[in-house]
Amino acid sequence: MNPAMSQLLQWTARHHTVITEPVMRSIGLTVDQRKHLVEIGMLERIVDGSYRFTGGPADELARCVAVCARPLGLVVAGPTAGRILGLRRMPRDSFIHVLAPPHSHPTVEPWLIPYRTALIADDDIVRRTDGITITSAERTAVDLVRHLRPTDVRSVIDQLIHEGRCTVESLHATAEPLATPGRPWARRFLGELAKRPDGAAPESHWESRVVAALTRRGVDGLRTQHWLDVPDWGRIRFDAAVPRLRWGIEVDAFPEHFTESGSSKDDGRDLACDAIGWCVSRVTGQTLGRSFDAAIDALVRVYEHRLHLTRHPVRHPGEE
């Protein structure tokens with residue numbers, strides 16, 4: 001095999017099938033050879049100056065490599081960055097979202113959506129070895145406010161914190177410089193960040209939504225991922241809880257809860273909690289998906305009942 005062709009294949013294998021004109025020149029591939037490879041269908045233009053080896057998948061990552069090779073210094077951002085980072089609740093659009101310099105015109109390709117800004121710090125940028133330049137997890141989360149509903153923004157925040165990729169402090173430090181009068185979306189992000197209750201971040205999207213909804217409905221003292229030592233059972237963790245009311249909330253969204261052994265284990269744990277005065281409310285992902293508001297209404301009624309009991313304890317016959 002021609003040495004230049006061998007290097008081309010090696011390069012494209014490391015860069016999601018993409019190679020640029022400068023790289024082709026550096027490995028000794030002439031203009032005529034490049035044109036020939038295009039003519040026979042081995043290379044395909046993505047944007048000016050970048051080509052895709054057609055022997056590999058034509059996916060989103062290939063387009064990202066191509067646009068990041070542009071001399072303008074484009075940075076993959078928004079939902080595209082979110083998808084690459086594996087964040088939940090991302091729109092499945094066909095666009096590549098990028099941050100671009102002010103007044104720039106990156107390309108005429110209809111699938112490229114630029115957001116022009118001069119306000120991006122070095123810490124907001126991650127340069128990957130595969131040729132993709134992408135916003136950091138923190139900056140991605142802040143930028144997603146312009147694309148997601150508030151509940152989905154909260155879910156992304158919770159996911160990043162739960163997975164240890166961000167902290168409340170790092171997210172706040174990234175959003176604060178962006179929260180100028182001309183960027184109300186950055187202020188909205190700070191608002192969502194401030195609404196998080198005490199405790200560790202919820203693990204799933206449904207947990208995040210339930211916690212956010214209960215907070216909005218005025219459930220006071222809510223803590224997420226609350227640990228409790230239960231006699232004759234051991235140490236357990238509630239998805240959320242109001243400790244002063246001895247009320248735990250479990251959001252059963254994972255399949256193991258619906259198996260015979262999983263259901264039996266949940267029942268035994270709930271009985272052990274009941275023996276020490278704790279009430280456990282369970283809600284499933286199916287119930288939440290079918291009627292979210294009704295499920296939250298039911299949880300709020302339990303909260304109000306527990307609150308009433310603390311203020312007006314029931315006295316049983318024979319009790320002093």
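Computed from a predicted structure; not experimentally measured.
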May I ask you to decide if Ser264's main-chain N or O and Asp267's side chain share a donor-acceptor pair within less than 3.5 Å? no
Note, Val283 side chain near Leu288 side chain (heavy atom, < 4.5 Å): yes
Pairwise distance CG(Leu29) to CE(Met5) - rounded to 0.5 angstrom: 7.5 Å
Between Phe95 and His97, how do the two ring planes meet: parallel, tilted or perpendicular, split at 30° and 60°? perpendicular
How about Cys279 and Trp247: do any of their side-chain heavy atoms sit closer than 4.5 Å? yes
A cation-pi test, strictly: NZ or CZ of Arg146 under 6.0 Å from the centre of the six-membered ring of Trp185 and no more than 45 degrees from its axis. Yes or no? yes
Do you know which two heavy atoms are closest between Ala62 and His16, and how far apart they sit? CB-O, 3.4 Å
Could you list the cluster mates of Trp233? Members are the ILVMFWY residues connected by side-chain heavy atoms closer than 4.5 Å, either directly or through other members. Leu228, Val230, Ile236, Phe238, Ile276, Trp278, Val280
CZ on Phe53 to OG1 on Thr12, rounded to 0.5 Å: 6.0 Å
Looking at Arg246, is its backbone amide N or carbonyl O close enough to the side chain of Arg306 to form a donor-acceptor pair, meaning the two atoms are under 3.5 Å apart? yes
Stepwise side chain to side chain contact (heavy atoms under 4.5 Å, CB included) check, Val302 with His305: CA-CA 5 Å; Val302 176; His305 177 65; 5.6 Å; no
Using side chain to side chain contact (heavy atoms under 4.5 Å, CB included), reason through Thr167 and Leu171 one step at a time and then give a plain yes or no. CA-CA 6 Å; Thr167 64; Leu171 288 166; over 6 Å; no
Give a yes or no answer on whether the side chain of Asp239 reaches the backbone of Val251 with a donor-acceptor pair at less than 3.5 Å. yes
Applying the side chain to side chain donor-acceptor pair (under 3.5 Å) test to His205, which of Arg154, Arg89, Arg88, Gln159 qualifies? Arg89
Does atom CZ of Arg127 have more than 12 heavy-atom neighbours from other groups under 6.0 Å away? no
Any salt bridge (charged side-chain N to carboxylate O under 4.0 Å, His left out) involving residues 36-50? Give me the pairs, sequence neighbours left out, ordered by first then second residue. Glu44-Arg52, Arg45-Asp48, Arg45-Glu109
Arg34/Glu21 ion pair, N-O < 4.0 Å: yes
Linking I/L/V/M/F/W/Y whenever any side-chain heavy atoms sit under 4.5 Å apart, do Leu99 and Val65 land together? yes
Hey, is Asp93 close enough to Arg83 for a salt bridge, meaning N to O under 4.0 Å? yes
Distance from Ser50 atom OG to Ile19 atom CD1, nearest 0.5 Å? 10.0 Å
Shared hydrophobic cluster, Val126 / Leu178 (ILVMFWY, side-chain heavy atoms < 4.5 Å): yes
State yes or no: do Met24 and Ile40 share one hydrophobic cluster built from I, L, V, M, F, W and Y residues joined by side-chain heavy-atom distances below 4.5 Å, directly or via other members? yes
Glu163 (side chain) donor-acceptor with Leu160 (main chain) under 3.5 angstrom: no
So which heavy atom on Gly82 is nearest to which on Thr140, and how close? N-CG2, 3.8 Å
Which is it for Arg187 and Glu192 under the salt bridge (Lys or Arg N to Asp or Glu O under 4.0 Å) test, yes or no, and what are the steps along the way? CA-CA 9 Å; Arg187 295 200 300 276; Glu192 292 300 327; over 6 Å; no
NZ/NE/NH1/NH2 to OD/OE distance under 4.0 Å, Arg14 and Asp130: no
Evaluate the side chain to side chain contact (heavy atoms under 4.5 Å, CB included) criterion for residues Thr133 and Leu74: first the C-alpha distance (whole Å), next the side-chain angles of each, then the deciding distance (0.1 Å), finally the verdict. CA-CA 8 Å; Thr133 303; Leu74 304 180; over 6 Å; no
Side-chain touch His15/Thr20, heavy atoms, less than 4.5 angstrom: no
Measure from the side-chain N and O atoms of Thr224 to the backbone N and O of Ala200, and report whether any donor-acceptor pair falls under 3.5 Å. yes
Euclidean distance, Ser136 OG relative to Asp123 CG, rounded to 0.5 Å: 8.0 Å
Could you state the interatomic distance from CZ (Arg282) to OG1 (Thr284), rounded to the nearest 0.5 Å? 11.0 Å
Taking every heavy atom of Arg116 against every heavy atom of Pro102, the minimum-distance pair comes out as CB-CA, 4.1 Å
Under 3.5 Å, is there a donor-acceptor pair between the side chain of Asp122 and the main chain of Ile125? no
Salt bridge between Glu304 and Arg301, side-chain N to carboxylate O under 4.0 Å? no
Less than 4.0 Å between a side-chain N and a carboxylate O, is that true for Asp152 and Arg209? no
Answer yes or no: are there more than 12 heavy-atom neighbours, outside Asp232 itself, under 6.0 Å from its atom CG? no
Stepwise side chain to side chain contact (heavy atoms under 4.5 Å, CB included) test for Ile134 and Leu85: CA-CA 9 Å; Ile134 189 173; Leu85 294 173; 4.3 Å; yes
In sequence, state the C-alpha distance, the side-chain angles, and the governing distance for Glu60 and Arg92, and then conclude on salt bridge (Lys or Arg N to Asp or Glu O under 4.0 Å). CA-CA 11 Å; Glu60 182 173 67; Arg92 292 296 170 185; 5.8 Å; no
Common cluster, Val76/Leu119, ILVMFWY with side-chain heavy-atom separation under 4.5 Å: yes
Among the clusters formed by ILVMFWY side chains lying less than 4.5 Å apart, do Ile46 and Val23 turn up in the same one? no
Surrounding CZ of Arg235 (heavy atoms of other residues, nucleotides or ligands, distance under 6.0 Å), is the total greater than 12? yes
Please round to the nearest 0.5 Å and tell me the distance separating atom CZ of Arg139 and atom CD1 of Ile120. 5.0 Å
Do side-chain atoms of Tyr115 reach the backbone of Asp143 as a donor and acceptor pair under 3.5 angstrom? no
Any donor-acceptor N/O pair, Ser155 side chain to Thr151 backbone, under 3.5 Å: no
Would you mind telling me which of Asp198, Ile249, Val210 makes a side-chain contact (heavy atoms from CB on, under 4.5 Å) with Leu222? Ile249
